Q: 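Supplied in structure tokens, the structure appears directly below.
Chain letters run A, B, ... following the sequence lines, proteins first, then strands; residues in each count from 1. Because the structure is predicted, anything quoted here is derived from the model rather than measured.
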Amino acid sequence: KAGVTQTPRYLIKTRGQQVTLSCSPISGHRSVSWYQQTPGQGLQFLFEYFSETQRNKGNFPGRFSGRQFSNSRSEMNVSTLELGDSALYLCASSLGPISGANVLTFGAGSRLTVL
Amino acid sequence: AQRVTQPEKLLSVFKGAPVELKCNYSYSGSPELFWYVQYSRQRLQLLLRHISRESIKGFTADLNKGETSFHLKKPFAQEEDSAMYYCALIGTSGSRLTFGEGTQLTVNP
């Protein structure tokens, strides 16, 4: 079965622009989480959605937002881009809310470069 | 607050040698601990989790609550084990996976 699909895989934006990233979870998975990966900060939690509801949010400014649709697909949006937003954005899905039992499966990521 | 620390950013061993990747955590409750691995040009994937108490690809990890550690061990390293390894934690409130900084393991022939 298909894995977690993230689009676009690569994108380049300039400061001040906004970007929308998309994530299609594994079929049947209802929880989607987003992480930011950078060389300096490593992997940092952005937010988690389950059944279209945001269950938790990481320590990121309000410029970072997300949503989940009824088919469990998720999008995240970053407005007013800054140079420091350059990163690999990873999406992960699981059957249910994150727990020790519900294993996360990660996508390949969307690599955002802000110039 | 929950925190995961991997003290070694880089670890290099020879093929056939034992390897141990260290992971320490801080959390006031009873966390769930995981090891994730990322091979070159591949996706981040689960290697093992402490609740399963299983051995994957020869790797094992024991949760030591007294020392708040979850070190990853393998008695005989193989070249194909070369990868980035991340220790991660979920607290009892769930909903958030906290990762360590990662350890880049290189197994030399």
Side-chain angles (χ1 to χ4, degrees), chain A residues 2-6 9-10 23-26 29-51 53-60 66 68 74 87-111, chain B residues 1-10 21-25 27 29-54 56 61-63 65 70 83-104:
Chain A
V4 178
T5 304
Q6 292 187 245
R9 290 293 315 281
Y10 303 91
C23 173
S24 293
I26 290 173
H29 283 194
R30 295 171 60 197
S31 173
V32 173
S33 304
W34 290 89
Y35 292 82
Q36 182 195 64
Q37 186 175 29
T38 59
Q41 300 295 321
L43 282 152
Q44 292 192 292
F45 172 79
L46 281 157
F47 19 66
E48 184 209 4
Y49 290 90
F50 177 72
S51 294
T53 301
Q54 186 181 90
R55 295 184 69 235
N56 205 341
K57 190 177 191 300
N59 295 325
F60 281 83
Q68 186 181 33
S74 177
L88 181 67
Y89 290 88
L90 293 174
C91 169
S93 74
S94 61
L95 282 169
I98 295 176
S99 71
N102 288 322
V103 175
L104 290 182
T105 301
F106 283 84
S110 292
R111 183 165 297 282
Chain B
Q2 53 197 56
R3 183 177 176 85
V4 177
T5 303
Q6 294 178 248
E8 303 138 329
K9 285 194 173 181
L10 302 171
L21 290 84
K22 291 183 167 50
C23 171
N24 291 92
Y25 67 90
Y27 186 72
S30 295
E32 304 275 6
L33 275 296
F34 306 81
W35 277 98
Y36 280 82
V37 60
Q38 190 166 30
Y39 301 101
S40 179
R41 289 184 288 277
Q42 293 189 29
R43 304 180 181 200
L44 192 62
Q45 58 186 285
L46 177 71
L47 180 62
L48 55 80
R49 45 183 170 161
H50 89 271
I51 62 171
S52 301
R53 293 185 169 274
E54 55 194 347
I56 304 293
D62 290 318
L63 179 61
K65 293 186 178 180
F70 188 57
M84 178 70 89
Y85 291 80
Y86 293 96
C87 183
L89 170 157
I90 290 177
T92 49
S93 62
S95 192
R96 174 194 297 250
L97 196 61
T98 298
F99 286 90
E101 304 91 339
T103 297
Q104 178 67 51

Q: Tell me if a side-chain donor or acceptor on R49(B) pairs with a main-chain N or O of V103(A) at a distance below 3.5 Å.
A: no

Q: Counting only heavy atoms closer than 4.5 Å, note whether L44(B) contacts chain A via side chain, backbone, both or neither.
A: both

Q: Find the distance between CG (L46(B)) and OG (S94(A)) and round it off to the nearest 0.5 Å.
A: 12.0 Å

Q: So which of G107(A), G109(A), G42(A) has the biggest tally of heavy-atom pairs under 4.5 Å with chain B?
A: G107(A)

Q: Looking at side-chain heavy atoms only, is the closest gap between Q37(A) and Q38(B) below 4.5 Å?
A: yes

Q: Side chain, backbone, both or neither: which part of Q6(B) has a non-hydrogen atom closer than 4.5 Å to chain A?
A: neither

Q: Kindly write out the residues that satisfy side-chain contact (heavy atoms from CB on, under 4.5 Å) with T38(A), not counting sequence neighbours, or none if the list is empty.
A: Q36(A), Q41(A), A87(A)

Q: What's the shortest heavy-atom distance between R96(B) and Y35(A), and which atoms?
A: C-OH, 4.5 Å

Q: Can you tell me how far CD of Q45(B) sits from CG of L104(A), rounded to the nearest 0.5 angstrom?
A: 13.5 Å

Q: In terms of heavy-atom contacts, does CZ of R43(B) have more than 12 from other residues, nucleotides or ligands at under 6.0 Å?
A: yes

Q: How long is the gap from CG on L43(A) to CE on M84(B), to the nearest 0.5 Å?
A: 9.0 Å

